[in-house]
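Data block below; observations after.
We name chains A, B, ... by the order of the sequence lines, and we start the count at 1 in each one.
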There are 2 protein chains.
Amino acid sequence: MTNPPPPIDGQALLDVFRRYLQDHNLPVTHQREVVASMIFFSDEHLSVGDIERGLAIRSEQVGKATIYRTLELLATAGLIEEHDFGEGFKRYEPLAAQSQHGHLICSGCGRVVEFSSDRLERMSALTAEEHGFRLHHHRLEIYGVCGECQGRDAATLQTTSVPSRE
Amino acid sequence: MTNPPPPIDGQALLDVFRRYLQDHNLPVTHQREVVASMIFFSDEHLSVGDIERGLAIRSEQVGKATIYRTLELLATAGLIEEHDFGEGFKRYEPLAAQSQHGHLICSGCGRVVEFSSDRLERMSALTAEEHGFRLHHHRLEIYGVCGECQGRDAATLQTTSVPSRE
DNA sequence: CCGGCGTTGAGAATCGGTTTCAACCCGAGG
DNA sequence: CCTCGGGTTGAAACCGATTCTCAACGCCGG
């Protein structure tokens with residue numbers, strides 16, 4: 001049930017980002033470093049709001065335009081991945097160069113659990129091929145209710161009558 | 001390789017929707033019917049803009065607030081599905097009560113091809129179970145470049161370096 | 001045919017995200 | 001160090017999608 005803690009080396013990613021900037025003749029600015037750090041040193045899927053808030057707590061003020069621009073850079077560099085879980089905004093996570101993975105999303109508490117699967121890899125490659133597509137990447141999201149929330153819901157249903165609405 | 005034309009019976013879905021409204025003591029209004037029809041009788045993944053435009057062509061004027069409200073109703077009723085292909089707005093498609101499917105999205109032309117796969121069904125069920133989740137639904141999107149666009153890209157690359165036929 | 005209650009729709013508000021542009025900073029060259 | 005120039009920054013304006021507001025309206029049971 002508990003997923004293993006991500007073995008992400010934020011410092012290493014940050015170094016790669018610095019080198020990426022240098023290689024592309026782009027200035028290594030303080031803002032770029034702190035925004036990148038926020039994501040690299042987090043094991044959550046952060047939203048831009050999360051990043052803004054986190055920076056404010058650290059007394060690092062960075063305009064949101066710069067946050068978005070840095071995220072775009074990081075995505076282009078292939079160091080982070082953008083996700084849309086249908087909340088009306090996007091979330092970002094450091095991209096462990098390792099294999100791709102899917103997301104299990106709890107409709108109850110919003111928790112996101114990552115998983116990877118060779119089966120998934122093989123299947124999407126096969127499917128793309130069948131339709132003449134050159135595969136770039138895929139995105140699998142499984143929505144459901146996690147064990148905890150199932151327990152809570154069951155308890156709630158005991159104490160309340162059945163609501164026809166939701 | 002070509003995907004079969006959708007065997008969606010729009011009329012049946014519309015009937016289900018009417019019954020759903022009656023069962024929930026909600027008025028069956030003209031607006032609700034025409035908005036639902038737009039989606040039920042289309043085999044595309046329509047955006048709200050598409051729906052507005054389509055209704056305007058039919059000389060059916062429906063406020064966008066009502067369109068959104070009807071879409072929410074339809075989604076709650078489980079008759080349509082909401083999709084976000086990262087275009088900055090959402091798209092909707094009638095939900096054939098049948099099996100779920102995934103989407104192949106061409107990064108070149110934006111074309112969306114549907115596919116279904118028992119393998120996918122089994123895999124997501126298994127994955128959810130492994131993590132203690134009660135599966136609700138899943139969403140698989142495979143991004144790549146379709147055959148046509150691959151051809152066009154190849155041709156473009158030719159003409160930029162080598163003077164040849166168009 | 002009536003009345004109540006839910007629906008409708010125009011417009012305003014919200015909200016995530018992008019653009020603008022003048023001030024500013026990184027970093028190569030003196 | 002100092003200087004310069006192009007890329008970067010950020011406040012605010014802008015944008016498009018979606019939601020909210022609220023008075024007028026229409027469905028439907030009686």
Side-chain angles (χ1 to χ4, degrees), chain A residues 14 17-39 45-56 58-77 80 82-92 110 164-165, chain B residues 14 17-39 45-56 58-77 80 82-92 110:
Chain A
L14 193 52
F17 184 41
R18 287 208 191 88
R19 214 174 65 217
Y20 174 87
L21 291 174
Q22 288 164 3
D23 291 351
H24 291 252
N25 293 314
L26 300 172
V28 178
T29 65
H30 179 65
Q31 288 92 332
R32 280 173 177 163
E33 291 194 323
V34 293
V35 171
S37 295
M38 279 303 294
I39 300 190
H45 296 71
L46 300 181
S47 66
V48 169
D50 294 335
I51 295 171
E52 264 184 316
R53 241 167 286 123
L55 290 175
R58 288 201 202 177
S59 306
E60 296 277 8
Q61 69 113 43
V62 178
K64 68 179 169 161
T66 299
I67 295 178
Y68 279 106
R69 283 185 290 230
T70 303
L71 289 173
E72 193 186 343
L73 263 180
L74 288 165
T76 303
I80 65 172
E82 191 181 276
H83 291 289
D84 187 330
F85 296 138
E87 299 167 296
F89 53 85
K90 297 196 168 60
R91 291 183 176 278
Y92 302 83
S164 59
R165 293 290 291 174
Chain B
L14 192 52
F17 184 41
R18 287 210 192 87
R19 198 172 330 135
Y20 174 88
L21 291 173
Q22 288 164 2
D23 291 351
H24 291 252
N25 294 315
L26 300 172
V28 178
T29 65
H30 179 66
Q31 289 91 331
R32 281 174 175 162
E33 291 194 322
V34 293
V35 171
S37 295
M38 279 303 295
I39 299 190
H45 295 73
L46 300 182
S47 66
V48 170
D50 293 336
I51 295 171
E52 262 185 316
R53 239 166 288 124
L55 290 174
R58 289 201 201 176
S59 306
E60 295 278 7
Q61 69 111 39
V62 178
K64 60 185 167 160
T66 299
I67 295 178
Y68 279 105
R69 283 185 290 232
T70 303
L71 290 174
E72 192 187 343
L73 262 179
L74 288 165
T76 303
I80 64 172
E82 191 181 277
H83 292 290
D84 187 331
F85 295 138
E87 300 168 295
F89 53 84
K90 297 195 168 61
R91 290 184 175 279
Y92 304 81

- Message: Looking at A/E72, I want to see if its CD is surrounded by more than 12 non-hydrogen atoms of other residues, nucleotides or ligands under 6.0 Å.
- Response: no
- Message: Measuring to OP1 and OP2 of D/dT19, would you say a side-chain N or O of B/Y68 lies under 4.0 angstrom away?
- Response: no
- Tell me whether the OP1 or OP2 atom of D/dC28 has a side-chain N or O from B/Q22 closer than 4.0 Å. no
- Task: Go through D/dT8, C/dG11, D/dG10 for me and flag the one nearest to the B/A65 side chain.
- Result: C/dG11
- Message: Just N and O in the side chain of A/T29: are any of them under 4.0 Å from OP1 or OP2 of C/dC25?
- Response: no
- Message: Check the phosphate of D/dT8 against A/Q31, side-chain N and O only, distance under 4.0 Å to OP1 or OP2. Yes or no?
- Response: no
- Judged by nearest nucleotide, the residue sitting upstream toward the 5' end of DNA chain C, A/G49 or A/R69, is A/G49
- Of B/F89 and A/P27, whose closest DNA chain D nucleotide lies nearer the 5' terminus? A/P27
- Item | Distance in angstrom units between A/H24 NE2 and D/dG7 P, rounded | 15 Å
- Would the number of heavy atoms belonging to other residues, nucleotides or ligands and lying under 6.0 Å from CZ of B/R18 be above 12? yes
- Item | Distance, rounded to the nearest Å, where A/E33 contributes CD and D/dT8 contributes P | 14 Å
- Got a donor-acceptor contact below 3.5 angstrom from the A/R32 side chain to the A/F17 backbone? no
- Can you check whether A/R32 has a side-chain N or O nearer than 4.0 Å to OP1 or OP2 of D/dT8? yes
